[in-house]
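What follows is one structure encoded as structure tokens, with my remarks underneath.
As a basis for the values below, the full set of heavy atoms in this structure was taken, side chains included, without hydrogen atoms, waters or symmetry mates. Each chain gets a letter, A, B and so on, in the order its sequence line appears, and its residues count up from 1. A quick note: this is a predicted structure, and the numbers were derived from the prediction, not measured.
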Amino acid sequence: MKVNLRTQINDREIDLEIEPRLLLSDLLREHLNFTGTHVGCSYGVCGACTVIIDGKPARSCLTLAIQANNCSVRTIEGVAASSTFDRVSSAFHQEHGLQCGFCTPGIICSIVALTESGKNIAEEDIDKVVDGHLCRCTGYVNIRKAAKKAVGIYQGDENAR
Amino acid sequence: MRPATFEYLAPKTLEEALELVGDDSRPLAGGQSLIALMNLRFATPEALVDLQGIPDLTRISDDGEFIRIGAMASQADTETNSIVLNSVPLVAECIREIGHWQIRTRGTVGGNLAHSDPASELPAVMVTLGAHYHLASKRGERKIPAVEFHQGAYDTALDPDEILTHIAVPKQKPTERSALNESVRAAGAYAIAGTTSILERNNETCLRAKLVLFATGSKPYEVQGLNSVLVGKELNSGSFSEASELVASQAPHFDDFHATAEQRKQIFRALSERVLQETWQKFQVGSS
Ligand SMILES: Cc1cc2nc3c(=O)[nH]c(=O)nc-3n(C[C@H](O)[C@H](O)[C@H](O)COP(=O)(O)OP(=O)(O)OC[C@H]3O[C@@H](n4cnc5c(N)ncnc54)[C@H](O)[C@@H]3O)c2cc1C
Ligand code: FES
Ligand code: FES
């Protein structure tokens, strides 16, 4: 039996009849064409599918779309449209925080949620957030630098350039 | 990897939910274990009863003697809750070791306990602190100690028509301190071996000691005979080392892909000595 889903995704109001078994990751990718949300493992480990649900980072592969009923969901597309995104994307660019980019949308969603949590961010918080993501190519040294620069607690190593 | 079909039910009250659960109609909490199992088709329930629409189940309150944690309180909210931090600090300390922030934002306290993973930290902490779980069904309510609730790997005292509503954790007394220590392959991973402990003291003398092992066999294991090694003694590294020998002799010795039996024994010896020392140090700095 289908169920009715009403939710806000990025700036779109969604009102859809869906199957309960539809995962949020599939709703985003297959039905709404927000393909910036990647799917790696489908069981919560890799973090590629991380989106922001009501301000908090969450795995869209471990969330039924219907669990997001009456919620507000932001994907990397929504994040990229925000005014603060320039700083994040230039930090990842300058610090070489990505290579193939498969893990990047998830990492950025987590970092943005951390920034918006209002917490006074320390280096340790960045490590805890990056912990929740697997990257197979860039390496965490650059990802951590990029993330720290994105939240303004690292200015970059001028001598390295 | 997609779940098989099921019916989705979203009750607004506990009473409605109790009408709906039973047999193959299972509660859905944060989904951080259940949806993963369904994606892999290890679980194919006929119906899911989503508990997230029942606000009562998320409440955390101070009932005087106990801190009451609603089963649907998210792990992330619980670890930062001031009541929890002040009165049952080990619960917050423990939750920070569960998975990642991105998991804990949706994962719940009740879901973690009902899942009863043998490698999970929280059941061991609840056994250590002597918590009670409150279960409800159409037949009525009952209260059960943590140590009786966790019956084996992924096996609990819950009947199919029951819902875990909240957990009552005794508040930490001024004379008590507790700690947790685990060995993991990577940050956020399940433990290969873990220990939790609580010590109660009168001045420099130990009044009560309890040490629980997890990620060992099927359920949290309370080390036997610890009181005779520690109680009435002045606590120091000598007594902790003696206690850790006792732990090593009781820790289950089996080989698996994480560690050999001998390595496991050594890990448990080291962890238990460390966890007792850490618990003791918390008295010295006056912190919790
Ligand atoms: C990548 C990853 C890493 C993780 N690492 C750890 C870790 O290090 N340590 C750890 O302990 N856990 C870990 N977990 C598991 C996590 O803690 C889960 O959140 C938890 O096990 C299940 O909680 P949930 O709220 O998501 O429950 P669900 O997945 O929704 O439910 C789990 C089970 O409990 C039942 N259930 C849920 N609520 C109730 C209730 N109120 N009454 C009766 N039955 C109920 C469900 O029917 C189901 O069988 C990890 C998970 C992931 C994905
Ligand atoms: S696809 Fe969701 S965590 Fe890997
Ligand atoms: S940039 Fe390739 S997986 Fe991270």
Side-chain angles (χ1 to χ4, degrees), chain A residues 1-5 18-27 30 39-71 106-107 109-111 113-114 117 119 124-134 140, chain B residues 1-10 12 25-26 28-53 55 72 74-77 79-80 95-108 111 115 184-190:
Chain A
M1 205 173 58
K2 291 206 169 185
V3 287
N4 182 248
L5 170 71
I18 57 164
E19 266 196 82
R21 68 174 181 147
L22 181 69
L23 297 172
L24 181 58
S25 48
D26 285 335
L27 172 76
E30 312 292 334
V39 174
C41 65
S42 274
Y43 57 92
V45 175
C46 76
C49 69
T50 304
V51 297
I52 306 174
I53 305 178
D54 287 343
K56 295 173 189 152
R59 304 294 203 229
S60 60
C61 74
L62 292 189
T63 307
L64 299 171
I66 191 63
Q67 284 178 290
N69 199 25
N70 297 320
C71 292
I107 295 181
C109 284
S110 284
I111 297 289
L114 177 68
S117 70
K119 202 174 171 223
E124 190 195 56
D125 298 310
I126 295 289
D127 290 349
K128 294 240 157 99
V129 164
V130 174
D131 259 7
H133 295 272
L134 289 181
Y140 298 97
Chain B
M1 301 226 294
R2 310 281 184 283
T5 51
F6 57 86
E7 192 182 350
Y8 174 82
L9 304 159
K12 289 275 168 268
S25 181
R26 288 169 67 172
L28 170 65
Q32 300 303 290
S33 293
L34 186 51
I35 308 281
L37 292 174
M38 289 171 66
N39 282 349
L40 296 162
R41 302 274 171 117
F42 289 150
T44 52
E46 255 166 47
L48 289 187
V49 181
D50 189 349
L51 304 180
Q52 80 171 344
M72 286 297 290
S74 83
Q75 295 160 5
D77 286 347
E79 75 185 84
T80 52
I95 292 179
R96 288 197 286 269
E97 302 299 325
I98 298 180
H100 317 284
W101 181 38
Q102 298 88 342
I103 303 295
R104 301 194 299 269
T105 51
R106 297 198 65 80
T108 65
H115 187 57
V184 290
R185 282 261 182 260
Y190 279 102

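- Of all the listed residues (A:Val39, A:Thr63, A:Thr50), the one sharing the greatest number of non-hydrogen pairs under 4.5 Å with chain B is A:Thr63.
- For A:Val129, the parts lying near chain B are the backbone and the side chain together; criterion is any non-hydrogen pair under 4.5 Å.
- Looking at B:Gln52, the atoms closer than 4.5 Å to chain A (heavy atoms on both sides) all sit in the side chain, from C-beta outward.
- Taking chain B as the reference chain and counting heavy-atom pairs below 4.5 Å, the highest number among A:Asp131, A:Val45, A:Ile53 is found for A:Asp131.
- For a residue to count as touching a neighbouring chain, one of its non-hydrogen atoms must lie under 4.5 Å from one of that chain's; by this rule B:Ala76 does not touch chain A.
- When heavy atoms are compared at a cutoff of 4.5 Å, A:Cys41 approaches chain B solely by way of its backbone atoms N, CA, C and O.
- Looking at every heavy atom in both residues, B:Gln102 comes nearest to A:Ser110 through NE2-OG, 2.9 Å.
- Annotation: A:Tyr140, atom OH; neighbour count of heavy atoms from other residues, nucleotides and ligands within 6.0 Å is above 12.
- Here the SG atom belonging to A:Cys61 is positioned 7.5 Å from the CE atom belonging to B:Met1, to the nearest 0.5 angstrom.
- Residue A:Leu22 does not touch chain B at all, counting heavy-atom pairs closer than 4.5 Å.
- Looking at B:Leu48, only its side chain comes within 4.5 Å of chain A, counting heavy atoms on both sides.
- Between chain A and the options B:Leu40, B:Asp50, B:Thr5, heavy-atom pairs under 4.5 Å are most frequent for B:Thr5.
- For the atom pair CZ (B:Arg2) and OG (A:Ser25), the distance works out to 6.5 Å, reported to the nearest 0.5 Å.
- Interatomic distance, A:Leu23 CG to B:Met38 CE, rounded to the nearest 0.5 Å: 9.0 Å.
- Contacts between B:Leu34 and chain A at a heavy-atom distance below 4.5 Å are absent for every atom of the residue.
- Atom CG in A:Leu24 sits 11.0 Å away from atom CD1 in B:Ile35 (nearest 0.5 Å).
- Looking at heavy atoms from C-beta onward, B:Tyr8 lies out of side-chain contact with A:Asn69 at the 4.5 angstrom threshold.
- Residue with the most contacts toward chain B among A:Met1, A:Lys56, A:Lys128: A:Lys56 (heavy-atom pairs, distance under 4.5 Å).
- Taking CZ of B:Arg106 as the start and CZ of A:Arg59 as the end, the distance is 12.5 Å to the nearest 0.5 Å.
- Minimum interatomic distance between B:Thr105 and A:Pro57 (heavy atoms only, all atoms of both residues): OG1-O, 2.7 Å.
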